[in-house]
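This report refers to the structure that appears directly beneath it.
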Amino acid sequence: MASSSSINSICLSLANQSSKTLTTTTKPSPRLLQRRRSQSFHVSCNANGHDQNIKANIDRRDVLVGLGGLYSASNLAPLAFASPIPAPDLKSCSKATKTGSKDVVEYSCCPPTPKELNNIPYYNLPPMSKLRKRPVAQDVTKEYIAKYELATKRMKELDKDDPRSFMQQANIHCAYCNGAYKFGDEVLQVHNSWFFFPFHRWYLYFYERILGKLIDDPTFALPYWNWDHPKGMRLPPMFDRETTPLYDARRNPHVRNGTIIDFNSPRDEVITNVGQTVTNNLTLMYRSMITNAACPLQFFGARYVLGNNDSKGQGTIENIPHTPVHIWAGTVKNTDLGGGKLSLGEDMGNFYSASLDPVFYCHHANVDRMWKVWKGLGGKRRDIIDPDWLNSEFFFYDENKNPYRVRVGDCLDTKKMGYDYAPAAIPWINFRPTRKGREAKVDVTNIKPANKVFPIANLNKAISFSINRPSTSRSQKDKDEKEEVLIFKGLKYDTSKYISFDVFLNEEEDVNTDELDKVEFAGSYVNLPHVHAHNKKMDYGETFQLSITELLEDIELEDDDTITVTVVPKTGGDVISIQSVAIELLDG
């Protein structure tokens, strides 16, 4: 393992290699963002999130995704393309399921039942005299750490039935993410959809206010773990101090002692080339924030409409680096903590238990920061304006134990919510790959066409296929209007397993996957284990999309009718199946 001092040296070198490293409040040069790109999930790049083939005259309606499902669903206007689902009451909240389809017997994820279940008010953002400023976790003072530890200690000491207690706060994530809530035959899941960012923003908002209340400090703000910067690509030291309230004994021990995180292979492998790992991480950040996230639904995730939720898909940041950080910090496989061995990553390593580790909230503070940074990059990077998103609602208790409904549309501006982020550099903005992994073009005549390769029942080895493009030699105007997207359709896998794979253009099956800072690298897919009590483990039929307009330019394949694509499984390939693949031009 590389020493902490050597990691610091490499990190500082990489962070300073560009004279134009930007802070979170600075926009990149127009050159980086000159082209508009279309979003994923078969919708136009317009922020309303509707497919052009669907009429946009949808009635405004309020959707509460909480308290077991839709709130007052019987009063909803009928959807033009989905059937309304009757509103279950809180009694429909049942035990979540963890890996192995075994009930989580030791506790229920359901929240305490409000006294006035049918009369829960909307939350109004309170007036503020001073913004809570979320600091960089690596830069906090001893005084701040003492205050944070005291607040967390007091939260853990609250009665288990107090909705503000640490366990009840952790249960919120379990309930929304591991199948405790359902309505009809449909199970609520705020991941793999456009609910990912707003749900977690509201979640941290109330958690932060509860901590402040417990130490009588309304200005207290959560720290953010800036893993998008080389200096932040390891566990913040305050979480690695045994016997403190911020320490989690179930955390994977390999994250300790300044170990660097690997976004592309976040398991227990020993990292021998720290410099390359940091470079790979910054390349993945560039792909997730810029190349593949030019439009709202690429960034936020697939549109979620109850009754017509066949298309699932992660947003770019939810996919990477959000999920790799979870996997990296989760309990190492077969760890014995005195109560028997854990069969796979617990706490951060699984949806149902993720927020039992205090570092979860620090991690998600940076995820939330990425939302703010992304909107500052310009172009079509803006919030969704679809009423189905803006009027969706969640349920939380505030710092005074009062229950509230909250709307997505009320959490779009962090300053209006009373908090902001301390500025930090974003060196990944300058990590657009420039070097080629290979000089020659792959001979596509020796590669099987996609329609002869797919469907595949399992991705247990690297596969290469040739695929035809819908158009070649496109003008800049055409690129501005339509994004060329590589689409994997009918992606299914065992959701209880860690799975990941990489995608490359113009590479063969023996591609070196240890170096991602090359123009051929298109992106990666990762899953965080979870099982729904009411769903089959192999129920996911996702669409995974990668923008390739930029790659085709950089590899010099714009004039080619047919290109080669290579998919390399990293973990869990034997439980991954893919129905088909295509290249399409999506509206910009």
Side-chain angles (χ1 to χ4, degrees), residues 62-72 87-90 92-93 96 107-126 128 132 151-152 155 158-178 180-181 183 188-191 193-214 218 220-222 351-352 354-356 358 360-361 364-365 367-368 371 389-414 416-419:
D62 293 335
V63 181
L64 172 61
V65 205
L67 289 180
L70 296 181
Y71 185 88
S72 300
D89 58 29
L90 193 57
S92 72
C93 184
Y107 66 91
S108 170
C109 291
C110 298
T113 304
K115 293 181 179 179
E116 299 292 335
L117 182 60
N118 297 319
N119 190 30
I120 299 173
Y122 284 107
Y123 184 77
N124 293 315
L125 293 170
M128 58 183 175
R132 301 188 302 279
T152 304
M155 179 181 278
L158 291 174
D159 184 84
K160 63 182 179 63
D161 294 324
D162 189 321
R164 305 170 302 164
S165 71
F166 187 78
M167 182 58 75
Q168 289 292 349
Q169 288 296 301
N171 283 346
I172 293 171
H173 196 263
C174 172
Y176 275 96
C177 309
N178 254 73
Y181 289 138
F183 20 87
L188 173 62
Q189 172 56 265
V190 295
H191 293 82
S193 81
W194 62 6
F195 286 144
F196 172 76
F197 275 100
F199 166 78
H200 286 91
R201 174 166 284 183
W202 275 119
Y203 185 14
L204 265 64
Y205 171 84
F206 287 109
Y207 183 85
E208 181 177 70
R209 291 182 66 86
I210 292 169
L211 290 177
K213 176 77 172 183
L214 292 173
F220 177 81
L222 285 166
F351 277 167
Y352 92 93
S355 47
L356 289 170
F360 168 92
Y361 304 94
H364 269 275
V367 171
D368 183 72
W371 181 359
W389 187 70
L390 293 171
N391 295 324
S392 294
E393 301 173 7
F394 307 108
F395 166 78
F396 292 98
Y397 282 93
D398 74 352
E399 66 273 20
N400 298 310
K401 299 192 286 186
N402 296 318
Y404 285 104
R405 290 185 282 164
V406 297
R407 293 188 181 93
V408 168
D410 292 332
C411 75
L412 308 185
D413 188 331
T414 63
K416 288 183 178 179
M417 296 181 77
Y419 73 93

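Keep in mind the model is a prediction, meaning the values are calculated, not measured.
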Exercise: identify the closest heavy-atom pair between [X] and [Y]:
X    : Y    : result
P403 : P114 : CG-CB, 4.0 Å
R164 : I210 : CB-CG2, 3.7 Å
D159 : S165 : O-CB, 3.4 Å
S355 : H173 : OG-CB, 3.3 Å
Y397 : P112 : OH-O, 2.6 Å
M128 : G418 : SD-CA, 3.1 Å

key: Q168 (side chain) donor-acceptor with K160 (main chain) under 3.5 angstrom   =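 It does hold such a pair.
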message = Tell me every residue that passes side-chain contact (heavy atoms from CB on, under 4.5 Å) with L390, counting only those two or more places apart in sequence or in another chain.
response =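 So L390 forms a side-chain contact (heavy atoms from CB on, under 4.5 Å) with L412.
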task = Please list, chain by chain and in numerical order, all residues satisfying side-chain contact (heavy atoms from CB on, under 4.5 Å) with N400, sequence neighbours excluded.
result =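 With sequence neighbours excluded, N400 shows a side-chain contact (heavy atoms from CB on, under 4.5 Å) to K213, D398, N402, given in chain and number order.
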Quick check for you: to the nearest 0.5 Å, what is the distance between [X] atom [atom1] and [Y] atom [atom2]?
X    : Y    : atom1 : atom2 : value
N171 : Y176 : CG    : OH    : 12.5 Å
E393 : R405 : CD    : CZ    : 5.5 Å
L204 : Q169 : CG    : CD    : 10.0 Å
M167 : D162 : CE    : CG    : 13.5 Å
L211 : F220 : CG    : CZ    : 5.5 Å

ask   = Which residue, R201, K416, H200, forms the side chain to side chain contact (heavy atoms under 4.5 Å, CB included) with C411?
value =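 Among the candidates, only R201 passes.
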ask   = Of W194, F199, W389, F197, which is the lone residue that meets side chain to side chain contact (heavy atoms under 4.5 Å, CB included) with V408?
value =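 For V408, the side chain to side chain contact (heavy atoms under 4.5 Å, CB included) check succeeds only for W389.
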inquiry  = Taking the side chain as everything from C-beta on, heavy atoms only, tell me whether M155 gets closer than 4.5 Å to T152.
reply    =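 A side-chain contact is absent here, since even the closest heavy-atom pair is not under 4.5 Å.
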query = Are any non-hydrogen side-chain atoms of M417 and D410 less than 4.5 angstrom apart?
reply =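 No, too far: nothing below the 4.5 Å cut-off.
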request  = On the 0 to 90° scale, with breaks at 30° and 60°, tag the H364-F196 ring pair as parallel, tilted or perpendicular.
outcome  =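 Tilted.
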message = Test of understanding: with ring-ring contact (aromatic ring centres under 6.0 Å, His included), list the residues that count as partners of F206, not counting sequence neighbours.
response =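 Testing F206 for ring-ring contact (aromatic ring centres under 6.0 Å, His included), a comparison that skips the adjacent residues, returns Y123, W202, F396.
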message = Just to verify, which of F195, Y203, Y205, Y404 counts as forming a ring pair (Phe, Tyr, Trp, His ring centres under 6.0 Å) with F394?
response =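 Passing option: F195.
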